[in-house]
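Worksheet for the structure shown next.
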2 protein chains.
Amino acid sequence: MPATPVLSQLPSYEVIKTIAQSLKAVSVVRMLEQEPNRAAEFTLTAAGLQLDYSKHLLDVQARQALLQLAEEAKLPAAIAGLLAGEELNNTEQRPALHTLLRASSGGSLGSKFDEVVAARASMRQWADQLNAGELRGFSGSVITDVVNIGIGGSDLGPRLVTEALRPFHGSVACHYVANVDPADLQNTLLNLQAETTLFILCSKSFRTEETLTNSLVAREWMKQSGATDADLNKHFVAITSNLQAAADFGIPEKNCLPLWDWVGGRYSVWSAIGLSCAIAIGWENFELFLAGAAAMDEHFQSAPLAENMPVMMSLLEVWYVNFFGANNHVVLPYDHSLQKLPDFLQQLTMESNGKRVNKSGVLLDYHTGPVLWGSAGTMGQHSFHQLLHQGTQQCPADFILPLTTHTGMTEQHRRLVANCIAQSRTMTVGRSIDEAKSSLLERGMDEASAGELAPHLSMPGNRPNSVITMASLAPQTLGALLALYEHRTFCSAVLWGINPFDQWGVELGKEIGVQVLGLMAGESSSGSMDTATERLIGEWLAEQ
Amino acid sequence: MPATPVLSQLPSYEVIKTIAQSLKAVSVVRMLEQEPNRAAEFTLTAAGLQLDYSKHLLDVQARQALLQLAEEAKLPAAIAGLLAGEELNNTEQRPALHTLLRASSGGSLGSKFDEVVAARASMRQWADQLNAGELRGFSGSVITDVVNIGIGGSDLGPRLVTEALRPFHGSVACHYVANVDPADLQNTLLNLQAETTLFILCSKSFRTEETLTNSLVAREWMKQSGATDADLNKHFVAITSNLQAAADFGIPEKNCLPLWDWVGGRYSVWSAIGLSCAIAIGWENFELFLAGAAAMDEHFQSAPLAENMPVMMSLLEVWYVNFFGANNHVVLPYDHSLQKLPDFLQQLTMESNGKRVNKSGVLLDYHTGPVLWGSAGTMGQHSFHQLLHQGTQQCPADFILPLTTHTGMTEQHRRLVANCIAQSRTMTVGRSIDEAKSSLLERGMDEASAGELAPHLSMPGNRPNSVITMASLAPQTLGALLALYEHRTFCSAVLWGINPFDQWGVELGKEIGVQVLGLMAGESSSGSMDTATERLIGEWLAEQ
């Protein structure tokens with residue numbers, strides 16, 4: 001493997017440090033005033049999305065230096081390598097082919113693409129039959145409800161798409177169960193009838209603890225509701241690469257859809273893992289969802305770095321993490337249907353880039369992936385926006401704004417849009433103590449009180465944020481949006497020198513989980529556990 | 001007003017900086033080995049909760065220094081002042097009396113307590129009548145569903161309590177609508193019948209934009225479903241201090257429950273704002289919820305600092321924010337019913353402590369409130385735990401663990417408990433490169449490959465975390481838990497010298513929102529807006 005470029009050793013790194021230092025006290029408002037074309041020049045378009053990044057602590061020189069950094073980190077070659085199916089996941093010796101899942105042709109990856117096409121045909125069959133009311137359960141009644149059992153990437157993606165595209169739903173209701181906490185499945189089953197419910201079990205290995213535990217409970221529920229063993233194939237589908245384990249569970253091969261080792265969980269909504277959302281929105285809409293992502297792939301592949309939306313968003317991420325000390329990033333979708341987007345992006349970005357060694361295993365001397373968090377606007381305005389505006393922490397923000405609504409309630413939606421635009425502006429312009437004082441005096445407050453209160457109303461402004469807009473939230477634009485963040489995540493990984501496609505950090509917790517479960521069942525620890533863990537297990541035992 | 005203590009000028013501040021420096025390379029595992037009683041000694045009990053803080057980068061000397069800092073910041077006097085009803089919200093000239101809302105006697109605050117008692121009686125009447133099926137809608141049918149319309153503090157608290165205490169629900173289903181996005185209300189009304197639905201409108205001022213907008217849509221829906229103006233009093237209740245505005249909306253005084261200016265939104269679930277959750281769980285359970293919080297208040301008031309659970313949690317917050325550079329805090333409830341807890345705590349902590357000036361208006365030279373985020377375990381294990389274990393960011397964590405389940409599914413719950421305890425241990429112990437390599441060799445990997453892969457499996461450990469346990473998630477323990485975080489938030493505010501009870505930082509966004517709405521309606525900006533905002537408005541206009 002060629003040596004991994006190390007960000008802090010790239011020629012431009014020190015240059016950018018100096019530039020960043022000079023921009024820490026910049027006024028974005030002044031830059032917008034002095035550069036009449038800034039708003040337009042710092043806006044990019046791709047696959048139905050617009051990115052306005054004009055309100056960042058960034059000038060043309062800084063942007064140029066960051067683009068130079070991307071060249072030095074060999075980002076163009078990495079992008080080409082990703083899309084050509086090179087073995088970029090070096091610690092697992094695999095390519096990462098999520099872009100192939102939404103491609104319309106296979107190029108040099110023809111044989112793998114044939115498998116993708118076959119899987120799509122199988123997904124389409126299930127989706128079409130269900131939406132046509134042609135699938136029946138053990139009692140002969142038509143299947144009306146689908147429950148997706150999966151966790152992490154086998155849950156967050158399809159769940160998000162199903163929620164986000166509610167106006168496109170057909171007749172089948174799709175539900176999601178992920179947590180091993182029995183309350184999750186129990187609450188879902190409360191409102192369902194076994195005879196009209198189909199379970200989709202999503203687990204590449206068919207060994208995921210939570211999914212298997214929930215699947216067993218679901219099977220038991222089905223049997224107690226009157227299904228025989230022979231009926232199970234009317235109620236269970238598996239998305240897995242472990243056909244044997246699925247068969248042992250009682251799911252025949254004809255009810256299994258494939259997964260491949262070159263699809264990571266957090267990049268899998270485009271694969272058969274997306275079956276539940278394909279059912280929810282219907283196959284044609286799911287194809288539009290794939291096409292939207294493919295359009296972003298095409299942009300990512302062909303646009304020059306300076307006009308490349310995922311690249312620019314990634315450079316901004318590195319800019320704040322490595323040169324401004326930010327260690328979090330907030331995502332604020334101003335669309336209630338996107339309220340699960342931060343959850344999805346948490347997995348995508350934090351599981352991909354929450355790493356401390358580079359691809360060659362060398363411990364890094366700089367920060368990598370930040371904490372990603374957020375919630376649907378306007379909810380956050382009545383919650384954490386206080387800290388965004390007046391806190392001491394740096395929280396670079398992405399506002400995401402569909403410009404029209406499917407609800408038909410345009411007046412209400414207009415207020416939502418106004419709030420989004422206003423919050424972005426507020427973060428940028430801030431308010432000086434003098435301005436705050438004037439405003440208080442105008443409201444009739446006396447001089448002394450206004451002087452005392454004004455510092456509490458003042459806000460620094462210059463809080464960096466992007467606004468991503470789209471004409472409407474539709475299958476294509478949602479596909480493009482998710483692909484945008486996938487590629488942004490990949491670019492940041494390349495800049496940091498890390499492998500975004502493995503997740504070795506979750507292994508140890510699983511091993512220790514098995515040990516703890518043993519101790520809870522009465523096995524002796526023989527000193528293998530720390531005293532704090534032993535005390536906690538004792539506390540649990542005392543309540544049983 | 002007496003001068004506000006400034007954290008960075010307190011005598012112990014520099015001492016603690018030195019101590020913290022020495023603890024940055026400490027091994028928590030070694031401390032647990034060398035101090036056999038550490039697990040027990042670093043555990044506190046209060047109001048049915050246990051806090052295990054033995055896995056922090058903290059020794060006895062550091063703890064002692066932090067307690068000394070608390071004394072220097074006059075924390076004991078501040079605690080006493082809060083509970084005695086002193087005017088601690090200095091920028092709004094009000095006390096903060098949320099503890100009075102759950103008190104069983106009024107002490108020196110007798111007249112205010114009388115109002116609380118009267119409001120409780122009114123809440124009880126509504127809750128009892130609804131649960132007894134005695135309230136009927138315009139058609140004569142019994143009311144079966146309640147929709148709470150509120151946002152921020154008028155939403156997050158009652159929503160959390162309703163979800164968390166599902167096993168305690170009676171016959172009335174409670175729903176929550178907050179977002180001004182029409183999709184929120186529309187999705188909720190889809191499954192409801194107007195004639196059997198009661199709306200509770202929560203807005204202290206009766207002017208909150210989102211709540212008013214949604215309320216008008218709800219009223220229109222009610223009328224279109226057949227209700228006359230005279231019927232509205234059967235379907236609308238208001239929690240407000242603006243009786244006139246409620247009357248203008250069509251809600252008579254007998255349908256209004258009071259709020260007072262000494263109850264902040266994020267501290268209001270204990271007031272009439274909690275009516276919806278009191279209905280959901282029934283009055284007796286709501287009283288137990290209040291009693292749980294009151295038990296935590298009693299502990300907070302009477303326990304010495306060293307044994308005071310909210311105080312210790314707050315000292316740990318300051319410890320990491322100000323001495324270790326952490327700027328976020330992750331909350332991980334291992335109970336699916338608590339999945340909304342991070343949202344609730346986001347408002348509580350970030351709106352309270354996302355401030356950059358102290359109570360006297362002086363700009364601070366140190367960090368205050370961190371970003372709070374999180375999700376229900378085990379979901380996060382398949383998402384962001386990768387970063388918790390192997391990322392470069394410091395994310396102090398609170399695990400929250402009920403030791404038993406209401407679901408009856410003990411085997412599944414046992415796995416949930418094991419996962420929680422294991423994740424806490426994993427963050428602490430980590431895994432060295434050598435250990436990782438041995439583990440790979442044991443699995444049959446060859447020497448060279450194991451050597452190459454081991455750095456990717458290694459984890460630093462020493463990632464600080466607390467574990468908060470309770471026998472079960474019940475009204476009392478939930479009340480105690482929320483009061484615990486309220487008081488933790490207050491203590492941190494005292495240490496940072498800030499006022500946790502105002503939120504001036506959200507004002508400007510509202511003002512700019514009105515201006516943007518005007519421009520969207522065609523008003524001329526006359527140069528009042530920046531060009532980026534004008535461009536965004538133009539983009540929106542182009543889609544209309």
Side-chain angles (χ1 to χ4, degrees), chain A residues 32 39 54 91 151-152 179-184 327-328 336 346-347 350-351 354 356-357 361 367-368 371 373 378 382-384 386-387 389-393 403 407 409 412 416 418-419 421-422 425-426 455-457 471 503-505 508-509 512-513 516-517 530-533 535-536 540 543, chain B residues 32 39 54 91 151-152 179-184 327-328 336 346-347 350-351 354 356-357 361 367-368 371 373 378 382-384 386-387 389-393 403 407 409 412 416 418-419 421-422 425-426 455-457 471 503-505 508-509 512-513 516-517 530-533 535-536 540 543:
Chain A
L32 282 165
S54 68
T91 65
I151 194 163
N179 206 327
V180 74
D181 186 330
D184 194 4
N327 67 6
N328 77 94
H336 197 72
Q346 256 177 358
Q347 188 201 20
M350 295 171 71
E351 194 160 78
R356 54 199 280 281
V357 300
H367 276 299
T368 60
V371 169
W373 60 288
T378 59
H382 295 262
S383 167
F384 53 77
Q386 165 67 38
L387 185 144
H389 294 307
Q390 287 191 319
T392 62
Q393 310 292 354
L403 295 165
T407 59
M409 298 164 96
Q412 222 176 326
L416 184 71
N419 271 286
I421 296 175
R425 172 169 155 83
T426 304
H456 297 277
L457 271 72
Q503 57 278 326
W504 296 107
L508 182 59
I512 294 181
V516 170
L517 203 55
D530 62 273
T531 50
T533 301
R535 201 199 60 79
L536 279 169
W540 175 80
E543 295 295 339
Chain B
L32 282 166
S54 67
T91 65
I151 194 163
N179 206 326
V180 74
D181 186 330
D184 194 2
N327 67 7
N328 77 94
H336 197 71
Q346 255 177 358
Q347 188 201 20
M350 294 172 72
E351 195 160 78
R356 54 198 279 282
V357 299
H367 277 300
T368 60
V371 170
W373 60 289
T378 59
H382 295 263
S383 167
F384 54 77
Q386 165 68 37
L387 184 143
H389 294 309
Q390 286 191 320
T392 63
Q393 309 292 354
L403 295 165
T407 59
M409 297 163 96
Q412 222 176 325
L416 184 71
N419 271 285
I421 295 175
R425 172 168 156 84
T426 305
H456 297 277
L457 271 73
Q503 57 278 325
W504 296 108
L508 183 59
I512 294 181
V516 171
L517 203 55
D530 61 273
T531 51
T533 301
R535 201 199 62 77
L536 278 170
W540 174 80
E543 295 296 339

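Chain A is the first sequence line, chain B the second, and so forth, proteins listed ahead of strands; every chain is numbered from 1. Just the heavy atoms: all of them, side chains too, but no hydrogens, waters or symmetry mates, feed the values below.
Most heavy-atom pairs under 4.5 Å with chain A: of the set B:Leu416, B:Leu457, B:Val357, B:Leu508, this distinction falls to B:Leu508. The greatest number of non-hydrogen atom pairs below 4.5 Å with chain B, out of A:Arg535, A:Gln393, A:Gln347, is found for A:Gln393. Interface check for chain B: of the options A:Gly505, A:Ala471, A:Gly513, A:Gly152, the most heavy-atom pairs under 4.5 Å are formed by A:Gly505. The choice from B:Asn419, B:Ile512, B:Asn328 that makes the most heavy-atom pairs within less than 4.5 Å of chain A is B:Ile512. Annotation: maximal heavy-atom pairing with chain A below 4.5 Å, among B:Gly509, B:Ser383, B:Ala39, occurs at B:Ser383. Interface summary for chain B: among A:Gly391, A:Ala422, A:Gly361, A:Gly354, the most heavy-atom pairs under 4.5 angstrom belong to A:Gly354. The candidate with the highest count of non-hydrogen atom pairs below 4.5 Å against chain B, out of A:Thr426, A:Leu536, A:Val516, A:Asn179, is A:Asn179.
No side-chain heavy atom of A:Asn327 sits less than 4.5 Å from a side-chain heavy atom of B:Val371. Contact annotation: the side chain of B:Met350 never approaches that of A:Gln386 to less than 4.5 Å [non-hydrogen atoms, C-beta and beyond].
Taking each heavy atom of B:Ser54 and A:Ala532 in turn, the nearest pair found is OG-CB, 3.4 Å. For A:Ala418 against B:Leu517, the heavy-atom pair with the smallest separation is CB-CD1, 3.6 Å. For the pair B:Gln346 and A:Trp373, the tightest heavy-atom approach, listed with the atom from each and the gap, is NE2-CE3, 3.4 Å. The shortest heavy-atom contact between B:Thr407 and A:Pro182 is OG1-CG, 3.2 Å.
With a threshold of 4.5 angstrom between heavy atoms, B:Asp184 approaches chain A through its backbone and through its side chain. Of the two parts of B:Trp540, the backbone and the side chain both hold a non-hydrogen atom closer than 4.5 Å to a non-hydrogen atom of chain A. Heavy-atom distances place both the backbone and the side chain of B:Arg356 under 4.5 Å from chain A. When heavy atoms are compared at a cutoff of 4.5 Å, B:Thr531 approaches chain A by way of both its backbone and its side chain. The contact between A:Asp530 and chain B is made by backbone and side chain atoms together, counting heavy-atom distances below 4.5 Å. With a 4.5 angstrom heavy-atom cutoff, B:Val180 touches chain A via backbone and side-chain atoms both.
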Pair B:Leu32-A:Thr533, side-chain contact (heavy atoms from CB on, under 4.5 Å): steps then yes or no: CA-CA 10 Å; B:Leu32 282 166; A:Thr533 301; over 6 Å; no

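Side-chain atoms of A:Thr392 never come within 3.5 Å of backbone atoms of B:His367 as a donor-acceptor pair (strictly under, hydrogens ignored). No donor-acceptor pair closer than 3.5 Å links the side chain of A:Glu543 to the backbone N or O of B:Leu403.
A distance of 7.5 Å separates CG of A:Asp181 from CD of B:Gln412, quoted to the nearest 0.5 Å. For the atom pair NE2 (B:His389) and CD (A:Gln503), the distance works out to 12.5 Å, reported to the nearest 0.5 Å. Between atom OG1 of residue A:Thr91 and atom NE2 of residue B:His456 there is a gap of 6.0 Å, rounded to the nearest 0.5 Å.
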